[in-house]
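All heavy atoms count here, side chains included; hydrogens, waters and symmetry mates do not. So you know, we letter chains A, B, ... as the sequences are listed, proteins then strands, and number each from 1.
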Number of protein chains: 2
Amino acid sequence: MVNHYDANTRQHLRVWLKLLKTSTNIETTLRERLKKECSTTLPRFDVMAALDHHTDGLRMTELSDFLMVSNGNVTGIVSRLAESGLIERTQDTHDRRAQKVCLSPSGQAEFKQLAQRHAQWIDDIMQPLNTEESNTLLTLLERLANHKVDKND
Amino acid sequence: MVNHYDANTRQHLRVWLKLLKTSTNIETTLRERLKKECSTTLPRFDVMAALDHHTDGLRMTELSDFLMVSNGNVTGIVSRLAESGLIERTQDTHDRRAQKVCLSPSGQAEFKQLAQRHAQWIDDIMQPLNTEESNTLLTLLERLANHKVDKND
DNA sequence: GGTATTTACTTTAAGCTTAAAATATTATAC
DNA sequence: GTATAATATTTTAAGCTTAAAGTAAATACC
């Protein structure tokens with residue numbers, strides 16, 4: 001198939017595909033390492049990171065809002081983390097619909113290990129860029145992220 | 001929780017999170033538009049794009065290699081696309097295990113529409129960067145993508 | 001106080017994704 | 001020619017993800 005787009009559009013597509021591929025590659029590396037070296041998954045890590053950040057615990061809805069995923073999604077991940085004994089759920093005494101979720105002591109210890117390895121991996125992956133370059137990258141990405149797209153093109 | 005990482009690591013984490021978020025945001029926008037405006041999904045689009053690119057058709061294994069996903073994954077997506085009449089499977093006459101998959105005429109017409117809208121969306125999303133900036137972004141991303149990580153840290 | 005609405009959360013259905021097991025067929029070794 | 005290995009593909013089990021429907025409890029309204 002002949003590429004019939006103009007030069008500008010081709011460049012845009014090229015950048016988007018590279019952005020997607022780079023991000024996906026790094027994500028895949030993290031997922032593989034979390035699985036092989038730590039027997040866990042990225043979604044579990046993300047939930048644990050959120051709870052580590054919020055020491056007082058979070059409600060289910062607060063958790064899904066913070067992670068920007070659906071509330072039904074969090075239900076499953078939290079259930080499995082609870083089965084593994086890494087998080088604890090406590091019923092809200094004033095609101096019987098709600099519960100507060102937080103890391104268990106073993107969950108805290110576990111996450112401490114995970115976070116350290118995770119940071120090392122990212123350090124390794126980001127190695128090729130010096131401070132100035134990574135600042136440039138950050139700025140350019142922010143420009144893309146902050147550009148609100150009109151949903152009704 | 002106190003952030004106990006050194007400045008360099010913090011910067012690396014910041015850049016990675018921004019890269020992930022930007023990429024995910026764009027991907028989410030594309031998924032939403034494909035669903036709402038075109039009643040399809042990104043995986044379906046990706047398979048159709050691969051077949052549009054390979055006019056002679058592809059075997060299942062070639063398709064999963066090209067898309068860099070598992071072969072079992074492609075089985076499901078191709079089945080659903082075939083149900084929709086957008087692709088056709090033909091048995092290989094010399095190898096009864098194999099089949100060749102290609103876009104049906106309606107699949108070609110459908111993809112032509114999809115590709116055009118997709119290109120417009122990307123054009124819109126990449127708007128905030130001029131040519132020089134998008135070239136810089138491309139270069140920095142390539143540096144990250146080409147950096148092979150030692151799997152046995 | 002009783003009805004209606006909102007809120008917190010779970011369940012369900014459908015699709016995506018993978019690794020691993022299973023099937024069927026072809027190619028190789030002897 | 002038959003046993004073995006390799007190849008092409010599908011199936012299965014498990015988890016992730018969403019939107020939509022369902023459940024239960026709290027709040028608002030009158």
Just how far, in rounded Å, is P of C:dC16 from CZ of B:Arg31? 9 Å
Check every atom of D:dT9, C:dC9, C:dC16 against the side chain of A:Thr61 and return the nucleotide holding the closest atom. C:dC9
Under a 4.0 Å N-O cut-off, is there an ion pair linking B:Asp52 with B:Lys112? no
Considering every strand and a 4.0 Å limit on heavy-atom distances, what is the contact class for B:Leu42: base, sugar-phosphate, or nothing? nothing
Residue pair A:Tyr5 / B:Ala119: nearest heavy atoms and the distance that separates them: CE2-CB, 3.6 Å
Nucleotide C:dA14, atom P - distance to CD1 of B:Ile77 in whole Å: 18 Å
Min side-chain heavy-atom separation A:Ser39-A:Arg44 under 4.5 Å: no
Apply side-chain hydrogen bond (donor to acceptor under 3.5 Å, both in side chains) to B:Glu88 and B:Ser104, showing your working. CA-CA 6 Å; B:Glu88 283 162 0; B:Ser104 69; 4.8 Å; no
Kindly give the atom pairs (protein nitrogen or oxygen, nucleotide nitrogen or oxygen) under 3.5 Å for nucleotides 24-27 of chain D.
| unit_1 | atom_1 | unit_2 | atom_2 | d |
| --- | --- | --- | --- | --- |
| D:dA25 | N3 | A:Arg97 | NH1 | 3.4 |
| D:dA26 | OP1 | A:Arg96 | N | 3.1 |

Could you go through the side-chain hydrogen bond (donor to acceptor under 3.5 Å, both in side chains) check for A:Arg14 and A:Gln11 one step at a time? CA-CA 5 Å; A:Arg14 200 178 299 127; A:Gln11 167 74 356; 2.7 Å; yes
Nearest-nucleotide check on DNA chain C, B:Arg80 vs A:Lys35; residue mapping nearer the 5' end is B:Arg80
To the nearest Å, give me how far apart CZ (B:Arg44) and C1' (C:dC16) are. 12 Å
Between atom CZ in A:Phe66 and atom C1' in C:dA8, what is the gap in whole Å? 20 Å
Heavy atoms only: give me the nearest A:Leu103-A:Leu51 pair and the separation to one decimal. CG-CB, 3.8 Å
Between C:dC16 atom P and B:Met68 atom CE, what is the distance in whole Å? 19 Å
What's the closest nucleotide to the side chain of A:Gln99 if the choices are D:dG15, D:dA19, C:dT10? C:dT10
In whole Å, I'd like the distance from the CD atom of B:Gln91 to the C1' atom of D:dT9. 10 Å
Per nearest nucleotide of DNA chain D, the residue lying toward the 5' end, B:Ser79 or A:Pro43, is B:Ser79
Figure out the CG/C1' separation between B:Asp92 and D:dT7, and round it to whole Å. 13 Å
Rounded to whole angstrom units, what separation is found between the CD atom of A:Glu32 and the P atom of C:dA19? 8 Å
Say you draw a straight line from CG of A:Leu13 to CD1 of B:Ile122; how long is it, rounded to the nearest 0.5 Å? 6.0 Å
Side chain of A:Thr75 only, heavy atoms from C-beta on: which candidate in D:dT9, D:dG15, C:dT11 is closest? C:dT11
Phosphate-side-chain proximity, B:Asn73 and C:dC16, N/O vs OP1/OP2 below 4.0 Å: no
Touch check for A:Val69, heavy atoms < 4.0 angstrom, all strands: base, sugar-phosphate only, or nothing? sugar-phosphate
Validation row, ring centre A:Phe66 to ring centre A:His54 under 6.0 Å: yes
Nearest to the side chain of B:Met60, heavy atoms from C-beta on, is which of D:dT9, C:dG15, C:dC9? D:dT9
For a side-chain hydrogen bond (donor to acceptor under 3.5 Å, both in side chains) check, start with the C-alpha distance between A:Thr9 and A:Asp6, then their side-chain angles and the critical distance, and finish with the verdict. CA-CA 5 Å; A:Thr9 301; A:Asp6 71 33; 3.2 Å; yes
Identify which nucleotide among D:dT18, C:dC16, D:dT9 has an atom closest to any side-chain atom of B:Arg59, counting heavy atoms from C-beta outward. D:dT9
With sequence neighbours excluded, what pairs up with A:Glu133 under the salt bridge (Lys or Arg N to Asp or Glu O under 4.0 Å) test? B:Arg143
Would you tabulate the pairs of protein nitrogen or oxygen atoms and nucleotide nitrogen or oxygen atoms of nucleotides 2-5 of chain C closer than 3.5 angstrom?
none

